[in-house]
Amino acid sequence: MTTIYLKPHKEESLRRFHPWVFSGAIARVVLDASHKSAAPEEGEIVSVRSATNEILGVGHWQIGSIAVRILAFGVETLPLDFWQERVRAAYQVREAIGLIKQDNNTFRLIHGEGDFLPGLIVDIYADTAVIQAHSVGMHVCRNEIASAVLSEVPQVQNVYYKSDDTLPFKAPVKGDRVGWLKEPAAISHQQLEEFWSIENGLEFRIDWLRGQKTGFFIDQRENRALVERYAKDKDVLNMFCYTGGFSLYALRGGAKEVDSVDVSQKAIDLVNINVARNFPNAKNHTAVAADAFEYLSAQKAEGRTYDLIILDPPAFAKHRDAVKNALRGYQRINAKAIEMIRPGGILFTFSCSQAVDKEAFRLAVFSAAAQVGRKVRILHQLHQPQDHPINIYHPEGEYLKGLVLYVE
Ligand code: SAH
């Protein structure tokens, strides 16, 4: 195996179980005999040692500023049952915290570094697992991962692989970035129309073949349940609704009216399908395909107001250098929403940009409130749910934050 030797004292963060080795920390690379090239191959499993030859761990080699993502600390090779053991451990956590039950078969099984598998996401929808690799190393291991998921998660029969948007763009990967790893006997495009996954007793059509991310935003489950608590008799706007997660909970909570808005017509079609499935007689739901800023401006011009607004935009900042613009975007959209809240109403506002931290987001929302000149109090500070755990040694894993505001 190829061995990576670190510069003196660069092993400290690995001793504290932080799973990344930066390229600047590397003193030299000793390739094993199988290499024809002068460098390790992207995705190759390498061993990492300190300057004093201490064994630190094994991980996936990457091209870029993060050179190695550690899979296992303190060993020189991966144990034979490595994938099974990690997947089993992740599944046991979800089971132990009561997430898997008759009225909930939708959950995140593997959340990257949070489940000690950097670069890997696995979401479970009823009998189907959707695997997403964010590193070439995980791509190389995709079949072993699929086998482990099939053997360790009793409900899974099918495994779909969806890494077209998440693998490094230029990486010369072998094999398809998208497709079935365990082809289901049962699911074709047509049969997907009959596919339902259950979250807290609500049924959702999950279109992992054509949808965003792995097909659904599981990370808002607990926050949706909180909307249900506040929805009774309210006029609700679910902005950036995607397939209508928050809308369904608001309807179940007894909302008077629910408007769902998303720029994607495909998403709006799915909202309508999901509402019809769960509330076949609902006459109090409207779904509109529109741009958020345009919709809010147009509604405001007509004097429309709401009791409860949910703002769950896509990540405004995908990189650190986009943070400033993102903060301006958060301020703008939140100001528009706060303006439209009736006195005594509530705003649920979120940011899923990892690069924007809690304090910065809160400051952007503060600026929005001040700009509009309304009295605003924070009722809840929200975050990602328990199946998206944050490895305490890898605080970068914290990304979703939200505020529930009471607007006078
Ligand atoms: N709240 C959703 C997830 C939202 S994801 C849920 O609970 O499932 C963000 C959504 O914002 C995506 O569906 C995307 O289509 C939509 N979107 C992106 N830009 C938009 C814009 N300018 N106006 C309205 N919707 C937009």
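- The SG atom of Cys241 sits 12.0 Å away from the CG atom of Leu311 when rounded to the nearest 0.5 Å.
- Minimum interatomic distance between Ile198 and Asp103 (heavy atoms only, all atoms of both residues): CG2-O, 3.2 Å.
- Electrostatic pairing of Arg342 and Asp307 counts as a salt bridge here, judged by a charged N lying under 4.0 Å from a carboxylate O.
- In summary, the aromatic rings of Phe246 and Phe350 are positioned with their centroids under 6.0 Å apart.
- Residue Arg88 places its CZ atom among more than 12 non-hydrogen atoms of other residues, nucleotides or ligands, all under 6.0 Å distant.
- The ring of His380 has its center no closer than 6.0 angstrom to the ring center of Phe348.
- Residue Arg362 places its CZ atom among 12 or fewer non-hydrogen atoms of other residues, nucleotides or ligands, all under 6.0 Å distant.
- Scanning both residues, Gln132 and Lys162, for their nearest heavy atoms gives CG-O, 3.1 Å.
- Under the 30°/60° scheme for interplanar angles, the aromatic rings of Trp208 and Trp180 are found to stand perpendicular.
- Between Tyr91 and Phe107, the two ring planes are tilted [angle within 30° to 60°].
- Relative ring orientation between Phe204 and Phe216 is described as tilted, the plane-to-plane angle lying within the 30° to 60° band.
- Cation-pi geometry between Arg16 and Tyr393 is not satisfied (NZ or CZ under 6.0 Å from the ring centre, within 45° of the ring normal).
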In sequence, state the C-alpha distance, the side-chain angles, and the governing distance for Asn158 and Thr128, and then conclude on side-chain hydrogen bond (donor to acceptor under 3.5 Å, both in side chains). CA-CA 5 Å; Asn158 322 305; Thr128 299; 3.0 Å; yes
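- Of all the heavy atoms in Pro385 and Glu222, the pair that sits closest is CB-CG, 3.6 Å.
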